[in-house]
Peer 1: 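Provided herewith is a single structure, encoded as structure tokens, for subsequent inquiry.
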Amino acid sequence: MLEPRLVQTTFFKNVLEALSDLFIEAHFEFSRTGLELQAIDTSRVALVALVLRAEAFNHYLCDRGLSMGLNLADMAKAFRCANNDDIITIKAEEDWTDTVTFTFESPEDGEILEFDFDFVGSNGVPLEIPEYQESEYQAIVRMPSAKFMRICKKLSSFGDSGDRDPVVIISVYKERVRSFARGKTGTSTTVCLQTQTVDKPKEPTLIEMKEEVSLIFDLKYMNSFSKASTLSDQVTINLSSELPAVFECKIAELGYIRYYISPRKE
Amino acid sequence: GHKQSTITNYFIRA
């Protein structure tokens, strides 16, 4: 029997809430080194990869690998029923039945909640994703996640053009990042400049540009990533016209969540 | 309209 135990209920609640809007299923892999999660959205345009090393957990035990596809909406529902300080135990039988049991134990209330999830196909993942090289990107933008969330909120409140999927155009030029969305009767533009690190040393916006670049993304992907970005103080956006964009937030020194998004082409 | 490559074009199966 395999039994990783962990106490990161709040963290997983937030991850599942962020992902379950956009991704239906995810592939989970628990190993001695930690957890790796991958999911692709139904239109196969965005891939999310979450890595959380064993050291990130208060308590983590996993003697043998445990790998499964799970429905994210069901998991989000289960985690909503759990308390934030619950201890989670994950159990799967050695002989590979096709379900996994998540047990939430509340030491304070003396209550145990148990959920069985059926394995699902997990939509063509896992994939081999090479570590990305920053030098391959035309522009790299780093900014506080709170700022990124504000920008996405502004764009999505305006960028609903009605009949088709709203998009955002992100352009980097002259050490500026411009985000643009078109609504029904007008447009919305936010321009961010590189900020002086002396004024706000803790929350700089940094723009490294090799060449000007301008890319179109579906707003729904940006919104999902902005929800996930609450897990970290900063986001990094790597942009290239040849490669999928990488939207990353690092989780302390203990892992990361990355969205790889294929840009739309005119 | 916009064309769009699928993300799986960039990565290989593990």
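Numbered from 1 within each chain, the chains take letters A, B, ... in sequence-line order. Any value given below was found using the heavy atoms of this structure, including those in side chains, with hydrogens, waters and symmetry copies removed. Since we're looking at a predicted model, the values are computed, not measured.
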Peer 1: Quick check on Y10(B) against chain A: is it the side chain, the backbone, both or neither that has a heavy atom closer than 4.5 Å?
Peer 2: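 Interface part for Y10(B): side chain.
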Peer 1: Is it the side chain or the backbone of I40(A) that comes within 4.5 Å of chain B heavy atoms, both, or neither?
Peer 2: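 Just its side chain gets close to chain B.
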Peer 1: When you measure from the side chain of S262(A) to the backbone of S5(B), do you find a donor-acceptor pair of N or O atoms at a distance under 3.5 Å?
Peer 2: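 Side chain of S262(A) to backbone of S5(B), a donor-acceptor pair under 3.5 Å: yes, one is there.
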Peer 1: Give a yes or no on this: more than 12 heavy atoms of other residues, nucleotides or ligands lie within 6.0 Å of atom CD of E242(A).
Peer 2: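 Count not over threshold, so no.
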Peer 1: I need the full list of salt bridge (charged side-chain N to carboxylate O under 4.0 Å, His left out) pairs touching residues 210-232 of chain A, with sequence neighbours left out, sorted by first then second residue.
Peer 2: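 Non-adjacent pairs meeting salt bridge (charged side-chain N to carboxylate O under 4.0 Å, His left out): D21(A)-K227(A), D218(A)-R264(A).
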Peer 1: Looking at every non-hydrogen atom in both residues, tell me the closest pair between P244(A) and I7(B) and how far apart they are.
Peer 2: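 Looking at all heavy atoms of both residues, the shortest contact is CB-CD1, 3.6 Å.
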